[in-house]
Trainee: 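My structure is below; once you've seen it, I'll send some questions.
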Amino acid sequence: MPDLSILQFDVVTNMMSLCVAAMFAGGIFLLFSRESVAPKYRPALLISALVTFIACYHYVRISTSFVGAYTLQNGVMVDSGAGFNDAYRYADWLLTVPLLVIELIAVCALAKAVSQKLMINLGVASLVMIALGYPGEVASASGSAWLWWGLAMVPFLYIIATLFGSFNKAIVDQPANVRPLISKARALILITWSFYPVAYLLPWIGLSGGAGETALQVGYTIADITAKVGLGVYIYFIARAKSEADGFTLEGTPSASVESTRESRETVGAAS
């Protein structure tokens with residue numbers, strides 16, 4: 001582990017602490033918000049909550065490992081010899097990254113065949129992407145890091161191409177008030193996920209030592225908060241908008257506008 005100034009060490013650990021709190025709070029919000037949406041959209045919120053709770057647990061382990069990897073010596077944080085376990089982060093991503101794309105598909109409530117195909121294809125691609133990224137993360141040579149980065153970018157680009165290609169039809173088929181939200185959620189995935197390959201390369205493009213390690217850990221943490229809590233909140237808004245479009249209210253009864261439309265149809269039917 002490279003030496004860090006006390007300021008750099010504090011920035012990293014404070015960001016990790018913020019992430020733990022954000023993941024826990026996001027999970028509680030999503031878990032207890034399920035009753036405010038129609039039953040068929042509740043599994044998407046449950047998945048979103050699960051993602052944040054899994055990440056919360058792993059960030060506790062990541063933070064503890066990072067703190068243990070350093071000791072203060074002559075006003076500088078130096079390697080304690082205990083080592084920093086990067087595998088915690090990748091264990092988290094192996095579980096949560098596939099769930100992130102699954103929760104977006106789940107909230108769209110697509111036809112079963114279409115939904116299953118997208119979930120399987122994108123879920124497997126996500127797993128392959130994370131599995132290919134780990135060897136480069138722990139590589140000691142730039143050549144190996146670049147090789148594994150390039151390989152991991154193949155499934156990454158496939159996921160993005162799918163979300164902005166064949167997934168377009170799913171957006172068109174959504175209610176008008178829902179389409180902008182799904183488009184923004186999809187854009188959020190693109191923007192936040194793009195942080196990861198950039199942060200991954202920071203130590204190999206000139207930002208090395210303490211500055212590189214700080215930028216890497218902070219970059220990953222910000223991306224995780226945005227990708228998991230941020231997308232979870234978008235999933236909630238999408239579920240609410242789709243529930244309203246279906247006529248669902250907080251009491252679980254059709255809204256007044258839907259009742260009015262139904263009564264009008266009954267009146268016309270009786271008259272005819």
Side-chain angles (χ1 to χ4, degrees), residues 15 18-19 22-23 25-27 29-30 33 37 41 43-52 54-55 92-93 95-110 114-115 117-130 133 149 152-202 218-245:
M15 283 301 302
L18 174 64
C19 187
M23 295 297 181
F29 169 77
L30 292 165
S33 295
V37 303
Y41 305 118
L45 292 187
L46 185 60
I47 295 171
S48 297
L50 181 62
V51 165
T52 57
I54 291 172
D92 173 69
W93 289 344
L95 295 172
T96 60
V97 171
L99 290 175
L100 287 173
V101 292
I102 288 173
E103 69 186 58
L104 178 59
I105 297 168
V107 80
C108 291
L110 307 175
V114 175
S115 179
K117 182 179 179 181
L118 284 170
M119 286 183 181
I120 292 172
N121 290 347
L122 295 182
V124 171
S126 300
L127 288 172
V128 173
M129 176 179 67
I130 301 304
W149 179 86
M153 286 299 291
V154 175
F156 172 81
L157 293 174
Y158 168 77
I159 293 169
I160 298 304
T162 301
L163 288 176
F164 285 84
S166 57
F167 194 66
N168 281 332
K169 187 179 184 303
I171 296 178
V172 172
D173 292 340
Q174 300 298 312
N177 65 323
V178 177
R179 291 174 206 153
L181 290 170
I182 297 179
S183 294
K184 290 176 182 177
R186 183 179 61 172
L188 182 66
I189 290 177
L190 172 61
I191 294 169
T192 55
W193 284 26
S194 295
F195 275 117
Y196 297 105
V198 173
Y200 177 104
L201 288 176
L202 287 176
V218 171
Y220 279 158
T221 304
I222 292 174
D224 277 338
I225 294 173
T226 310
K228 294 166 185 175
V229 180
L231 182 62
V233 171
Y234 260 109
I235 295 298
Y236 166 73
F237 284 125
I238 292 170
R240 282 293 303 269
K242 287 180 70 69
S243 297
E244 291 173 5

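Remember, predicted model here, so these are calculated numbers, not experimental data.
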Trainee: Can you pull the salt bridge (charged side-chain N to carboxylate O under 4.0 Å, His left out) pairs that have at least one residue in residues 97-106, sequence neighbours excluded?
Mentor: none
Trainee: Applying ring pair (Phe, Tyr, Trp, His ring centres under 6.0 Å), name anything that partners Phe195, two or more places apart in sequence or on another chain.
Mentor: none
Trainee: State whether the number of non-hydrogen atoms from other residues, nucleotides or ligands found under 6.0 Å of Phe164 atom CZ is greater than 12.
Mentor: yes
Trainee: Going by the rule side-chain contact (heavy atoms from CB on, under 4.5 Å), which residues pair with Val128 if we only count those two or more places apart in sequence or in a different chain?
Mentor: Val124, Leu132, Pro155
Trainee: Quick one: list whatever passes side-chain contact (heavy atoms from CB on, under 4.5 Å) with Pro43, sequence neighbours left out.
Mentor: none
Trainee: Between Gly27 and Thr52, which heavy-atom pair has the shortest distance, and what is it?
Mentor: CA-OG1, 3.0 Å
Trainee: What's the shortest heavy-atom distance between Gly123 and Val101, and which atoms?
Mentor: N-CG2, 4.4 Å
Trainee: Could you list the residues that satisfy side-chain contact (heavy atoms from CB on, under 4.5 Å) with Ala185, not counting sequence neighbours?
Mentor: Leu104, Leu231, Tyr234, Ile238
Trainee: Would you sort out whether Asn121 and Thr162 count as a side chain to side chain contact (heavy atoms under 4.5 Å, CB included), showing the intermediate values?
Mentor: CA-CA 9 Å; Asn121 290 347; Thr162 301; over 6 Å; no
Trainee: Drop me the distance from Thr96's OG1 to Ile54's CD1, to the nearest 0.5 angstrom.
Mentor: 7.0 Å
Trainee: Taking only residues two or more places apart in sequence or in another chain, which ones pass salt bridge (Lys or Arg N to Asp or Glu O under 4.0 Å) with Lys228?
Mentor: Asp92, Asp224
Trainee: How would you list all residue pairs meeting side-chain hydrogen bond (donor to acceptor under 3.5 Å, both in side chains) that involve residues 178-191, not counting sequence neighbours?
Mentor: Asn168-Arg186
Trainee: Where is the tightest heavy-atom contact between Ala227 and Thr192, given as atom of each residue plus distance?
Mentor: CB-OG1, 3.7 Å
Trainee: Distance check, rounded to the nearest 0.5 Å: Leu122 atom CG versus Ile189 atom CD1?
Mentor: 9.0 Å
Trainee: Please list, chain by chain and in numerical order, all residues satisfying ring pair (Phe, Tyr, Trp, His ring centres under 6.0 Å) with Phe156, sequence neighbours excluded.
Mentor: none
Trainee: Grab the two heavy atoms, one from Ile105 and one from Ser115, that are nearest each other, plus how far apart they are.
Mentor: CG2-OG, 3.6 Å
Trainee: State, to 0.1 Å, how close Ala241 and Leu181 come at their nearest heavy-atom pair, and which atoms those are.
Mentor: CB-CD1, 3.8 Å
Trainee: When rounded to the nearest 0.5 angstrom, what is the spacing between CD1 in Ile130 and OH in Tyr196?
Mentor: 8.5 Å
Trainee: Output the distance between atom OG (Ser33) and atom CG (Leu45), rounded to the nearest 0.5 Å.
Mentor: 7.0 Å
Trainee: So which heavy atom on Ser126 is nearest to which on Val97, and how close?
Mentor: CB-CG1, 3.7 Å
Trainee: For Tyr41, check ring pair (Phe, Tyr, Trp, His ring centres under 6.0 Å) against everything at least two apart and list the hits.
Mentor: none
Trainee: Using side chain to side chain donor-acceptor pair (under 3.5 Å) as the criterion, list what pairs up with Tyr158, not counting sequence neighbours.
Mentor: none
Trainee: For Leu18, which residues count as a side-chain contact (heavy atoms from CB on, under 4.5 Å) partner, sequence neighbours excluded?
Mentor: Met15, Ile225
Trainee: To the nearest 0.5 Å, tell me how far Ile102 CD1 sits from Ile120 CD1.
Mentor: 9.5 Å
Trainee: For Trp149 and Gly133, indicate whether the former's side chain and the latter's backbone hold a donor-acceptor pair under 3.5 Å.
Mentor: no
Trainee: Which distance, rounded to the nearest 0.5 Å, do you find between the CE of Met119 and the CG of Leu99?
Mentor: 10.0 Å
